[in-house]
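Notes follow the structure.
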Amino acid sequence: MPTSAVDAALAEAHAAYTARNPQSLARHQAATHVMPGGNTRTVLYNPPFPLGIARGESCYLWDLDGHRYVDFLGEYTAGIYGHSHPVIRAALTAALAGGLNFGAPNTMEVALAQAVCDRFPSIELVRFTNSGTEANLMALTAARCFTGRPKIMVFGGGYHGGVLYFSGGENSPVNAPYDFVLAPYNDTAGTASLIDQHADTLAAIILEPMLGGGGCIPAARDFLAMLRTAATRYGIILIFDEVMTSRLSPGGLQALHNILPDMTTLGKYIGGGMSFGAFGGRADLMAQFDPSLPNALPHAGTFNNNVLTMSAGLAGLTQVYTPEAAIALNARGDALRTRLNELCQRQEVAMQFTGLGSMLNVHMTDAPLRSAADAAQGNQALRELFFFDMLAAGIWVARRGMINLSLPLGDAEGDLFVAAVADFIQARMVLLEADAGAA
Ligand code: PMP
């Protein structure tokens with residue numbers, strides 16, 4: 001039995017969704033026979049069952065029952081180019097024509113490495129991996145081997161991959177068995193004292209310069225500056241996980257803040273939509289992996305330099321997501337966020353859109369948000385309802401409220417999104433008053 005007006009509305013939304021999506025339900029039921037919970041990527045599960053997507057084109061997705069959505073999720077930042085971008089398609093077609101799986105170095109990896117080193121100021125040398133998770137594991141390994149120290153400082157609400165998961169504000173049973181020191185994000189004094197306390201045993205400090213999965217919460221500049229100063233003082237390797245945030249300026253958030261880490265990890269869109277990860281940074285740190293040197297650290301990976309990823313990534317970074325395109329896309333994101341927040345303020349609702357540039361996240365609270373713990377204070381049931389209302393309005397966002405712009409999204413789509421949010425406020429915010437009245 002629903003206990004509140006919001007819960008009752010959610011139950012209704014679930015019923016309408018189930019009735020509207022029989023093919024997705026059938027797909028999900030078949031999937032449960034061969035994958036636990038019918039799922040192979042946890043974030044893509046939502047009750048009562050996730051929608052199955054049949055195809056995508058430009059900024060649109062179509063589900064198995066034929067409904068069209070405007071894609072405001074952009075594959076959790078990996079889909080910056082939209083679906084089937086002609087330049088990426090041409091690069092992939094050319095790569096396929098030349099053959100795959102050489103078991104040898106190729107020229108594309110040199111060109112992509114050059115493009116990455118040119119773009120991101122902290123990266124003097126780079127190595128490729130197959131995922132952001134792997135990139136972070138290798139960066140942490142590089143830091144531990146370089147310093148000869150065991151511990152790694154991470155932050156509550158941080159996410160660095162499937163086995164580096166701190167989104168719940170604590171270590172997770174699935175995490176790689178490192179010796180972690182968990183610090184409070186954006187708490188400059190608290191973190192500084194933890195660094196002082198563990199300085200002799202800390203190999204690395206790793207953080208996202210804006211929490212991505214943790215709700216698009218930017219790090220304050222003074223917090224990042226303190227980390228830079230403390231890491232330098234104690235010889236700790238500062239790692240920026242820019243797997244998501246590298247898109248936020250031509251040179252990532254590090255360039256925007258002009259605060260350079262010792263190492264940077266990348267992923268998502270930089271592979272042009274193919275599986276991708278990279279770690280890079282100071283030449284002396286990365287030289288540990290130079291196989292021509294005695295006692296070099298090994299770094300393996302069958303698909304590290306696979307020609308599909310190298311080709312799509314190079315075409316994307318040099319021909320499509322150019323520095324000019326990055327500036328323009330982030331300006332559009334800032335304008336959209338301003339419009340949405342003005343709407344929330346005008347309607348005097350406890351709702352806001354956080355983030356920077358082309359990454360946004362909705363939160364059902366009007367309190368200032370500086371950490372994932374702050375964000376957890378928002379009304380989660382209402383945000384769940386937001387997800388279902390957006391789907392019903394033909395808008396694809398993350399269940400946790402994440403929104404990422406892609407290049408093909410235009411002004412008309414932005415207007416559609418703002419209108420859907422206005423409808424949500426009109427229809428749903430009264431439910432909170434009903435619940436408050438009943439309490
Ligand atoms: N770091 C961050 C900040 C991420 O957002 C992600 C993926 N969401 C990862 C690392 C892991 O990347 P992948 O999923 O490619 O392993």
Side-chain angles (χ1 to χ4, degrees), residues 39-45 73-80 116 120 126-143 152-169 172 174-176 178 180 185 204-219 224 238-248 252-254 261 263-281 301 303-304 306 308-309 312-313 316 354-361 371-372 375 397-404 406:
N39 176 273
T40 187
R41 182 179 172 198
T42 301
V43 74
L44 301 186
Y45 176 75
L73 176 56
E75 175 57 300
Y76 296 84
T77 72
I80 210 165
V116 166
F120 301 101
V126 68
R127 274 187 168 245
F128 298 119
T129 64
N130 298 285
S131 68
T133 303
E134 235 187 296
N136 283 317
L137 289 170
M138 289 311 303
L140 295 176
T141 299
I152 291 159
M153 176 169 278
V154 294
F155 293 86
Y159 180 76
H160 306 292
V163 293
L164 295 163
Y165 182 94
F166 306 94
S167 310
S172 153
V174 303
N175 280 349
Y178 289 115
F180 294 114
Y185 197 78
I205 299 170
I206 184 168
L207 83 163
E208 300 160 83
M210 173 175 82
L211 293 179
C216 291
I217 298 173
L224 294 177
L238 181 62
I239 306 171
F240 281 2
D241 177 345
E242 294 231 50
V243 166
M244 282 187 166
T245 59
S246 67
R247 57 164 28 216
L248 295 179
L253 259 190
Q254 54 191 266
M263 297 190 81
T264 298
T265 54
L266 302 171
K268 305 284 192 195
Y269 73 95
I270 294 183
M274 306 293 109
S275 303
F276 180 76
F279 65 103
F303 294 107
N304 285 354
N306 80 81
L308 289 179
T309 298
T354 57
L356 291 172
S358 61
M359 294 172 63
L360 299 82
N361 207 109
S371 68
V397 296
R399 182 183 175 206
R400 61 169 183 250
M402 190 183 217
I403 294 135
N404 302 295
S406 61

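In this text the structure is predicted, and so the values were computed from the model without any measurement. Order of appearance sets the numbers: ligands from 1, and atoms from 1 within every ligand.
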Test item: side-chain donor near acceptor, Ser358 and Arg247, under 3.5 Å = yes

Which atom names give the shortest non-hydrogen contact between Ala176 and Leu137, and what distance separates them?
-> CB-CD2, 4.2 Å

Considering only heavy atoms, does Asn136 approach ligand 1 within less than 4.0 Å through its side chain, its backbone, both, or neither?
-> side chain

Enumerate the atoms of ligand 1 whose separation from the nearest heavy atom of Val243 is less than 4.0 angstrom.
-> 1 (N), 2 (C), 4 (C), 6 (C), 9 (C), 10 (C)

Asn404 and Thr77 side chains, donor-acceptor separation under 3.5 Å | no

For atom 6 (C) of ligand 1, grab the closest protein heavy atom and report residue, atom and distance to one decimal in Å.
-> Tyr159 CE2, 3.5 Å

Between Ser406 and Tyr269, does any side-chain donor sit less than 3.5 Å from a side-chain acceptor?
-> no

Can you list the atoms of ligand 1 that are under 4.0 Å from a heavy atom of Asp241?
-> 1 (N), 2 (C), 3 (C), 10 (C)

May I ask you to check if ligand 1 and Gly132 share an N or O to N or O distance below 3.5 Å?
-> yes

Within a distance under 4.0 Å of any heavy atom of Thr133, pick out the atoms of ligand 1 and give their elements.
-> 11 (C), 12 (O), 13 (P), 16 (O)

Please round to the nearest 0.5 Å and tell me the distance separating atom CG of Asn304 and atom CD of Glu134.
-> 6.0 Å

Heavy atoms only: which of Met244, Arg41, Lys268, Met210 is nearest to atom 8 (N) of ligand 1?
-> Lys268

Does an N or O from Glu208, backbone or side chain, lie closer than 3.5 Å to an N or O of ligand 1?
-> no

Please confirm whether Tyr159 and Tyr165 have ring centers closer than 6.0 angstrom.
-> yes

